[in-house]
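Okay, structure first, notes after.
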Amino acid sequence: MIGILGAGSLGRLWAALLPQHQVAFLPRPDADPAPATLSYTFESIQDGQHTISLPWLQSPDDLSLLLVTTKAGDTLDALQHWLPQLRESVPVVLFQNGLGSQQRVADAWPARPILAASTTEGANRPEPNRVVHAGIGETWVGPLTPSARPKLAGVVAQLATTGLVVHAEDQILPRLWQKLVVNAGINPFTAILDCPNGDILANDFFLSHIDSLCNEIAELMAAEGIGIPTPGELRQRIEAVARNTARNTSSMRGDILNRRRTEIDFINGYLVQLGSRLDIPTPVNQLLTDKVKQLSPH
Ligand code: NAD
Ligand code: KPL
């Protein structure tokens with residue numbers, strides 16, 4: 001049985017596409033009491049609308065794989081509740097955006113097979129019981145702890161049964177950084193300016209900070225040994241994604257509009273913390289983090 005911890009947009013996407021008799025959701029500890037099944041409408045890209053009805057997990061002993069699709073700020077707490085109940089050999093795949101939460105999990109359970117995924121699939125939930133696969137992407141999965149290495153091929157094969165494109169990635173950290181760069185350069189601007197992704201490109205606030213932001217990120221990446229990108233390359237990558245997703249509401253703007261906690265601490269906030277550890281100034285990341293925090297509950 002494949003367990004999904006975090007029954008939100010991304011968790012319900014994977015659950016809808018995995019073989020149905022092999023999937024169960026792990027209830028929140030505060031679920032009161034968990035109903036037997038979770039039903040929702042799933043709008044697939046390829047073949048229309050389906051009703052999905054999946055069980056809540058009855059026995060943790062049944063799990064052979066755990067997909068963790070909570071937000072970054074909820075992940076450690078969620079796993080602290082469930083991992084003591086799962087066999088040590090069960091691979092755990094972390095799907096969070098940003099950085100920081102993955103390392104905390106790997107540090108907390110270094111003997112467990114912990115993997116991280118970086119995905120460009122897009123899913124949203126316009127109503128509580130309707131999930132839309134909004135954009136087809138690709139997913140890279142790689143090991144964070146030594147015992148995850150021998151599990152990687154099997155985990156990728158299980159995830160690929162969805163029909164989604166899933167790659168094994170030995171070096172998952174640089175992949176997570178690539179997504180972090182894009183999120184750090186788009187999400188806070190869209191949240192602060194309250195605009196779709198494409199609209200940041202001509203905005204004075206974006207234009208007056210993007211080069212300094214890219215300088216900060218390039219310096220951090222070089223110090224961390226994650227390649228030596230030039231600030232100009234980072235800016236091009238950020239602007240290309242903003243153009244390609246021009247009408248999208250970023251996840252951070254969506255969180256603010258829905259009065260939810262954002263993932264800023266794991267995006268620009270992570271870069272600020274890394275900068276202070278490495279003695280690299282990060283004033284633009286700090287500014288963006290502060291402004292987003294003023295807008296959202298923390
Ligand atoms: P979401 O808010 O829709 O879903 C998170 C779910 O986790 C919610 O249903 C919440 O109730 C549940 N949760 C919180 N604490 C829990 C706990 N202690 N136990 C069990 N469940 C708990 O968020 P999402 O959009 O699905 O994103 C999840 C993660 O995936 C984020 O880090 C996001 O950045 C990343 N991601 C999302 C997408 C996407 O398209 N949605 C794409 C790439 C990456
Ligand atoms: O990942 C995203 C997000 O919104 O979190 C981007 C790439 C910015 C697309 O909206």
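When a ligand or atom number is given, it counts from 1 through the structure's own listing order. Small disclaimer: the values here were computed from a predicted structure and weren't measured.
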Item to check | Single-linkage hydrophobic cluster Leu257~Leu288, side-chain heavy atoms < 4.5 angstrom | outcome: no
Checklist outcome for this item: If you scan protein heavy atoms around atom 28 (C) of ligand 1, the nearest is Thr69 O, 3.3 Å
Next on the checklist: Show me which atoms of ligand 2 lie under 4.0 Å from any heavy atom of Asn187.
Outcome noted: 3 (C), 5 (O), 8 (C)
Checklist entry - How close does the nearest protein non-hydrogen atom get to atom 17 (C) of ligand 1, and which residue and atom is it? => result Ala78 CB, 3.7 Å
Checklist entry - Can you get from Leu207 to Phe205 by hopping between Ile, Leu, Val, Met, Phe, Trp and Tyr side chains that sit under 4.5 Å apart? => result yes
Next on the checklist: What protein heavy atom lies closest to atom 10 (O) of ligand 2? Include the residue and the distance to one decimal.
Outcome noted: Asn197 ND2, 3.0 Å
Checklist entry - With atoms numbered from 1 as shown, which atoms in ligand 1 lie under 4.0 angstrom from a non-hydrogen atom of Leu5? => result 19 (N), 20 (C)
Checklist entry - With only distance considered, is Gln96 within less than 3.5 Å of ligand 1 through an N or O on each side? => result no
Item to check | Closest protein heavy atom (residue, atom, distance) for atom 13 (N) of ligand 1 | outcome: Arg28 NH1, 3.3 Å
Checklist entry - Which atoms of ligand 1 are found less than 4.0 Å from any heavy atom of Lys179? => result 43 (C)
Checklist entry - Please state which protein non-hydrogen atom is closest to atom 33 (C) of ligand 1 and give its distance, to 0.1 Å? => result Glu263 OE1, 3.6 Å
Item to check | Closest protein heavy atom (residue, atom, distance) for atom 4 (O) of ligand 1 | outcome: Gly8 CA, 3.2 Å
Checklist outcome for this item: Result for side-chain contact (heavy atoms from CB on, under 4.5 Å) between Leu213 and one of Leu234, Val181, Leu287, Asn268 points to Asn268
Checklist entry - Against heavy atoms of Ser251, which atoms of ligand 2 measure under 4.0 Å? => result 3 (C), 4 (O), 5 (O)
Next on the checklist: Heavy atom to atom 3 (O) of ligand 1, shortest distance: which of Ala7, Ser9, Ser101 holds it?
Outcome noted: Ser9
Checklist outcome for this item: The protein heavy atom nearest to atom 44 (C) of ligand 1 is Asn97 OD1, 3.5 Å
Checklist entry - Say you draw a straight line from CG of Leu220 to CD1 of Ile226; how long is it, rounded to the nearest 0.5 Å? => result 10.5 Å
Item to check | ligand 1 N/O within reach of Gly122 N/O, cut-off under 3.5 Å | outcome: no
Checklist entry - Can you check side-chain hydrogen bond (donor to acceptor under 3.5 Å, both in side chains) on Gln294 and Asp290, steps first, answer last? => result CA-CA 6 Å; Gln294 281 161 17; Asp290 292 346; over 6 Å; no
Item to check | Main-chain N/O of Asn124 paired with Arg12 side-chain donor or acceptor, under 3.5 Å | outcome: no
Next on the checklist: Please state which option from Ile186, Asn248, Thr120, Asn183 has its nearest heavy atom closest to atom 6 (C) of ligand 2.
Outcome noted: Asn183
Item to check | Numbered atoms and elements of ligand 1 in range of Glu121, under 4.0 angstrom, heavy atoms | outcome: 40 (O), 42 (C)
Item to check | Sub-3.5 Å N/O-N/O distance, Thr119 and ligand 1 | outcome: no
Next on the checklist: Counting only heavy atoms not in Asn258 (residues, nucleotides, ligands), do more than 12 fall under 6.0 Å from its CG?
Outcome noted: yes
Checklist entry - Do Leu274 and Val284 belong to the same hydrophobic cluster, where Ile, Leu, Val, Met, Phe, Trp and Tyr are linked whenever their side-chain heavy atoms lie under 4.5 Å apart, directly or via other members? => result yes
Next on the checklist: Any carboxylate oxygen within less than 4.0 angstrom of a Lys/Arg side-chain nitrogen, looking at Asp255 and Arg261?
Outcome noted: no
Next on the checklist: Is there a path of hydrophobic side-chain contacts, each under 4.5 Å between heavy atoms, that joins Leu26 and Trp109?
Outcome noted: yes
Next on the checklist: Determine whether a donor-acceptor pair (N or O, by modelled atom type, separation under 3.5 Å) exists between the side chain of Lys151 and the backbone of Ser89.
Outcome noted: yes
Next on the checklist: Could you tell me, atom by atom, which parts of ligand 2 come under 4.0 Å of a heavy atom of Ser250?
Outcome noted: 4 (O), 10 (O)
Checklist outcome for this item: Within the 4.0 Å heavy-atom cut-off, what Met252 brings close to ligand 2 is neither
Next on the checklist: Closer than 4.0 Å to some heavy atom of Phe95 - which atoms of ligand 1 meet that?
Outcome noted: 30 (O), 35 (C), 44 (C)
Checklist entry - When you look at Glu263 and Asn97, which way does the side-chain hydrogen bond (donor to acceptor under 3.5 Å, both in side chains) test go after all the steps? => result CA-CA 8 Å; Glu263 296 190 299; Asn97 267 346; 4.6 Å; no
Next on the checklist: With respect to Asp77, determine whether any N or O atom, backbone or side chain, lies less than 3.5 Å from an N or O atom of ligand 1.
Outcome noted: no
Checklist entry - Which atoms from ligand 2 have a heavy atom of Lys179 less than 4.0 Å away? => result 1 (O)
Checklist entry - Which residue and non-hydrogen atom of the protein lie closest to atom 38 (C) of ligand 1, and at what distance in Å? => result Leu10 CD1, 4.0 Å
Checklist entry - Measuring from Asn187:CG to Ile267:CD1, what's the distance to the nearest 0.5 Å? => result 5.0 Å
Next on the checklist: Is there a path of hydrophobic side-chain contacts, each under 4.5 Å between heavy atoms of I/L/V/M/F/W/Y residues, joining Phe266 to Val93?
Outcome noted: no
Checklist entry - Can you find a non-hydrogen atom of Ser251 under 4.0 Å from ligand 1? => result no
Checklist entry - What residue and heavy atom of the protein are closest to atom 7 (O) of ligand 1, and at what distance? => result Gly6 CA, 3.4 Å
Checklist outcome for this item: Looking only at heavy atoms, the pair that brings Leu66 and Ile4 closest together is CD1-N, 4.4 Å
